[in-house]
A.B. asks: 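Pasting in a structure now, in structure tokens, and then I'll have a few things to ask.
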Amino acid sequence: MNEPKTRHSASALLQNWTSIAGIALAAGGFFAALCLIAFDFLRGFSSPYMGILVYILLPTLIWIGFVLIGLGMWLEHRRLKRMAGLPSLPSLDLNDPRQKRRFIAAIAGGFVFLMATTVGSFKAYEFTDSVTFCGSLCHTVMNPEKVTYQNSPHAKVLCTACHIGPGASWFVRSKISGLYQVYAVLTHSYETPIPVPVKDLRPARETCEECHWPDKFYGSVERAYKHFLADKDNTPWNLRLLVKVGGANPSHGPVGGIHWHMLVANKIEYISDETRQKIPWVRLTNLKDGRQIVYESKDNPLPADQRNKDIRVMDCIDCHNRPTHIFNPPNHALDVAMWLNRIDPSIPNIKANASQALVESAGAPTKAQGVRQVDEKLGKIYADYSDSPKIKQAISATQEVFSNNFFPEMKTSWKSRPDNIGHKIWPGCFRCHDGSHVSKDNQSISNTCASCHTIIAQGKDSEQTSVSLTGLEFDHPGGEIPEGTLCSECHTGAPQ
Ligand code: HEC
Ligand code: HEC
Ligand code: HEC
Ligand code: HEC
Ligand code: HEC
Ligand code: HEC
């Protein structure tokens, strides 16, 4: 009966403060997580902090609990071993029915726990990929990108579909840089505005092309504009263009157009400044015969020491850099509001005044103050008509333009976010197609207006009677354009 004990049961090993603390931690974390997960299934969390708590912090606590339990048991075992000279590892005898039962229970318990952590980590992964996590957690910092995204054609596409894309390596890279971003937000060490372009954005061909097939044939895409001039009558000025997007799938239509030249038939590389707004050097490689042509800017030559440095292969983002974070310039946003009659174009000078009010309020310290300033400024100008519903509606529509496009807290607006499609307000296509980029044999990158689009209608409402499919010469409402002047030298998106 008095046989010396050769083994200590697991429960004996658990009797130490480290393991007890571990049990308390794991059990507490487990029950808290269980209640909150049940709550998430029933009601859903509205705050992103809850997601972090339930799917990241509580599971970490549970794991720490388990580690403490194990550590305590090991220390206890070592202590008992030293006292009684036990073998260095606990022994297990599966012929003993009690031990067998416990062994099976332990395996089953471990299995359930593993399942739970797998589901938990999947939820954690899903959550860190969600728009709430990306867009709301760092609400001040990401607010400009989130608001513009919500108003864009990609509002239903997850942030991660463009910023991370499929596959493990970019996932890991993004989570590592994400950790740094969380740190930057917590320590307020981020820059305002967030600098663009995003340098380590994944190559667009691996993200955009998951949904958009570059060979797809678009033919010509029609773009219709209704501008309102900055005169007393806010004279409407219509423009309709067919932009020759084209494609490269002969079963859908003739091969050619912007996408075909840029993406399918040729490879284009370039060297630029940090902002990618000045491009002094361009290399075209014909993918069929491998012939190369280098074009250099006469106006803005590349310094000799920068040759062969940071050559970038042109992809979707070099044209479509604002597919979703679209910060509308005041003139553009007001044109749309007036077109849709949210601002009545019969109010004298409203285009010029509203645009001026927006620009002057952009420097306010907060968005709320900016919105108030818009009201004050327009209220003063139209003080004699302050009771008119037309004026009230125009002011509130202008305030809405401010809210959706100006983010004073992050110093972000159209000014810090150039859009490279087109050439009117930013150099865009004219970064290369400006006529001054020439090859050794003096050929320039094409810059005739018709190489990219056909103007099919233009003019005041009364003049716009017919549509011309052969194309019209551009009639510039601002008078003759001086030779060699880029559109963006005069047009800034705000009052001139
Ligand atoms: C349709 C693709 C797409 C989606 C969806 C998308 N982004 Fe972007 N985002 C881009 C591209 C492209 C750029 C790079 C612009 C550049 O480098 O000039 C960018 C840039 C950014 C920047 C840098 C600042 C800026 O305005 O360029 C931030 C911050 C950002 N995105 C956050 C988000 C967040 C948060 C979401 C989800 C709410 C999101 N993005 C969804 C394509 C996308
Ligand atoms: C997860 C799928 C998805 C990804 C990834 C994606 N898009 Fe889109 N894209 C869409 C959808 C959906 C639309 C809306 C189509 C519609 O309204 O007809 C759209 C619309 C567009 C349009 C037309 C916008 C307009 O004014 O109507 C452009 C241009 C575009 N995407 C470019 C891009 C670029 C560039 C990227 C990569 C940075 C990208 N997309 C990534 C799904 C995606
Ligand atoms: C050389 C510049 C350029 C490049 C590079 C480019 N695009 Fe485009 N794309 C345009 C222009 C210009 C349009 C015409 C519509 C517009 O003005 O937005 C257009 C139109 C589109 C449209 C149709 C929009 C609509 O309104 O129907 C989609 C989608 C699109 N591009 C996706 C892509 C994707 C994806 C890539 C990369 C594989 C890409 N583009 C590369 C210039 C470019
Ligand atoms: C990085 C420089 C660069 C930028 C930016 C750029 N392109 Fe190009 N593009 C070229 C080069 C180089 C060629 C080939 C040479 C040529 O055809 O003149 C070309 C060719 C073209 C062609 C074929 C022209 C023809 O007559 O055969 C079209 C169309 C075109 N680009 C449209 C655009 C549009 C639209 C944009 C802006 C959204 C744009 N490109 C922006 C460099 C650029
Ligand atoms: C390299 C291609 C390319 C060339 C060359 C080019 N354009 Fe454009 N143009 C575009 C694109 C792309 C857009 C914008 C489409 C959009 O808004 O989505 C545009 C837009 C425009 C618009 C409408 C702008 C607005 O906001 O009202 C006008 C007007 C225009 N172009 C006139 C011209 C004239 C005039 C020339 C010749 C001096 C010219 N373009 C040469 C590509 C080009
Ligand atoms: C020398 C300066 C200058 C240059 C260069 C210039 N514009 Fe203008 N543009 C003006 C002025 C001034 C107006 C009249 C503005 C008003 O009354 O609102 C105007 C009006 C317009 C309008 C109608 C109103 C509006 O604001 O949208 C369009 C469209 C336009 N220009 C397109 C272009 C295009 C495209 C180019 C380049 C091919 C260009 N402009 C080059 C000065 C210029």
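Indexing begins at 1, ligand by ligand and atom by atom, following the structure's order. Since this is a predicted model, take the numbers as computed values, not measurements. Worth knowing before you read on, the calculation uses all heavy atoms, side chains too, and leaves out hydrogens, waters and symmetry mates.
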A.B. asks: If we set the cut-off at 4.0 Å for heavy atoms, which region of Cys208 has an atom near ligand 3: side chain, backbone, both, or neither?
C.D. replies: side chain
A.B. asks: Is it the case that more than 12 heavy atoms not belonging to Arg291 sit under 6.0 Å from its CZ atom?
C.D. replies: no
A.B. asks: Near atom 8 (Fe) of ligand 3, is there an N/O/S atom from His212 that is less than 2.8 Å away?
C.D. replies: no
A.B. asks: Below 4.0 Å from any atom of ligand 3, is there a heavy atom belonging to Val243?
C.D. replies: yes
A.B. asks: Indicate whether the side chain of Thr235 and that of Asp233 have a donor and an acceptor atom separated by less than 3.5 Å.
C.D. replies: no
A.B. asks: Are any of the N or O atoms of Thr207 closer than 3.5 Å to those of ligand 2?
C.D. replies: no
A.B. asks: Glu210 near ligand 2, heavy-atom distance under 4.0 Å?
C.D. replies: no
A.B. asks: Would you confirm whether Gln458, through its side chain, and Glu473, through its main-chain N or O, come within 3.5 Å as a donor-acceptor pair?
C.D. replies: yes
A.B. asks: Go through ligand 3 atom by atom and flag the ones less than 4.0 Å from a non-hydrogen atom of Ile421.
C.D. replies: 10 (C), 11 (C), 12 (C), 17 (O), 42 (C)
A.B. asks: Which ligand 3 atoms does Cys319 reach within 4.0 Å, using its non-hydrogen atoms?
C.D. replies: 1 (C), 2 (C), 3 (C), 4 (C), 5 (C), 42 (C), 43 (C)
A.B. asks: Can you tell me how the ring of Tyr225 sits relative to the ring of His227, calling it parallel under 30°, perpendicular over 60° and tilted otherwise?
C.D. replies: parallel
A.B. asks: Contact between Arg205 and ligand 3, counting heavy atoms under 4.0 Å?
C.D. replies: no
A.B. asks: Would you confirm whether Ser361, through its side chain, and Ala357, through its main-chain N or O, come within 3.5 Å as a donor-acceptor pair?
C.D. replies: yes
A.B. asks: Give a yes or no answer on whether the side chain of Thr454 reaches the backbone of Ile456 with a donor-acceptor pair at less than 3.5 Å.
C.D. replies: no
A.B. asks: Test your reading of the model: is there a side-chain donor-acceptor pair from Asp273 to the backbone of Lys278, 3.5 Å cut-off?
C.D. replies: yes
A.B. asks: If we ignore hydrogens and angles and just use 3.5 Å, is the side chain of His332 paired with the main-chain N or O of Phe327 as donor and acceptor?
C.D. replies: no
A.B. asks: Within the 4.0 Å heavy-atom shell around Tyr218, which atoms of ligand 3 are there?
C.D. replies: 22 (C), 23 (C), 28 (C), 29 (C)
A.B. asks: Applying a heavy-atom cut-off of 4.0 Å, say which part of His154 lies close to ligand 2: side chain, backbone, both or neither.
C.D. replies: side chain
A.B. asks: Could you check whether any side-chain heavy atom of Met410 comes within less than 4.5 Å of a side-chain heavy atom of Glu145, counting everything from C-beta outward?
C.D. replies: no
A.B. asks: Under a heavy-atom criterion of less than 4.0 Å, does Ile317 contact ligand 2?
C.D. replies: yes
A.B. asks: Hey, does the side chain of Asp344 reach the backbone of Lys390 with a donor-acceptor pair shorter than 3.5 angstrom?
C.D. replies: no
A.B. asks: By number and element, which atoms of ligand 3 are closer than 4.0 Å to a non-hydrogen atom of Val245?
C.D. replies: 13 (C), 14 (C), 19 (C), 20 (C)
A.B. asks: Tabulating one pair per line, provide the atom names and distances (0.1 Å) for every N/O atom of ligand 6 that is less than 3.5 Å from a protein N/O atom.
C.D. replies:
| from | atom 1 | to | atom 2 | distance (Å) |
| --- | --- | --- | --- | --- |
| ligand 6 | 7 (N) | His476 | NE2 | 2.8 |
| ligand 6 | 7 (N) | His491 | NE2 | 2.8 |
| ligand 6 | 9 (N) | His476 | NE2 | 2.8 |
| ligand 6 | 9 (N) | His491 | NE2 | 2.8 |
| ligand 6 | 17 (O) | Ala230 | N | 3.3 |
| ligand 6 | 18 (O) | Ala230 | N | 3.0 |
| ligand 6 | 27 (O) | His227 | ND1 | 3.3 |
| ligand 6 | 27 (O) | Lys424 | NZ | 2.6 |
| ligand 6 | 31 (N) | His476 | NE2 | 2.7 |
| ligand 6 | 31 (N) | His491 | NE2 | 2.8 |
| ligand 6 | 40 (N) | His476 | NE2 | 2.8 |
| ligand 6 | 40 (N) | His491 | NE2 | 2.7 |

A.B. asks: Heavy-atom contacts with Cys316 under 4.0 Å: which atoms of ligand 3 show up? List them by number with element.
C.D. replies: 34 (C), 35 (C), 36 (C), 37 (C), 38 (C), 39 (C), 41 (C)
A.B. asks: Regarding His320, does it place an N, O or S atom less than 2.8 Å from atom 8 (Fe) of ligand 3?
C.D. replies: yes
A.B. asks: Are Asn404 and Thr148 packed together at the side-chain level, in the sense that at least one heavy-atom pair is separated by less than 4.5 angstrom?
C.D. replies: no
A.B. asks: Please work out, at 4.0 Å between heavy atoms, whether the side chain, the backbone, both, or neither of Leu158 comes within that distance of ligand 2.
C.D. replies: neither
A.B. asks: Is the closest heavy-atom distance from Cys162 to ligand 2 below 4.0 Å?
C.D. replies: yes
A.B. asks: Give me the ring orientation class for His325 and Tyr149: parallel if the planes are under 30° apart, tilted from 30 to 60°, perpendicular past 60°.
C.D. replies: tilted
A.B. asks: Hey, are the side chains of Asp318 and Asn420 touching, using non-hydrogen atoms and a 4.5 Å cut-off?
C.D. replies: no
A.B. asks: Near Asp315, which atoms of ligand 3 are under 4.0 Å from a heavy atom of that residue?
C.D. replies: 5 (C)
A.B. asks: Would the number of heavy atoms belonging to other residues, nucleotides or ligands and lying under 6.0 Å from CD of Gln292 be above 12?
C.D. replies: yes
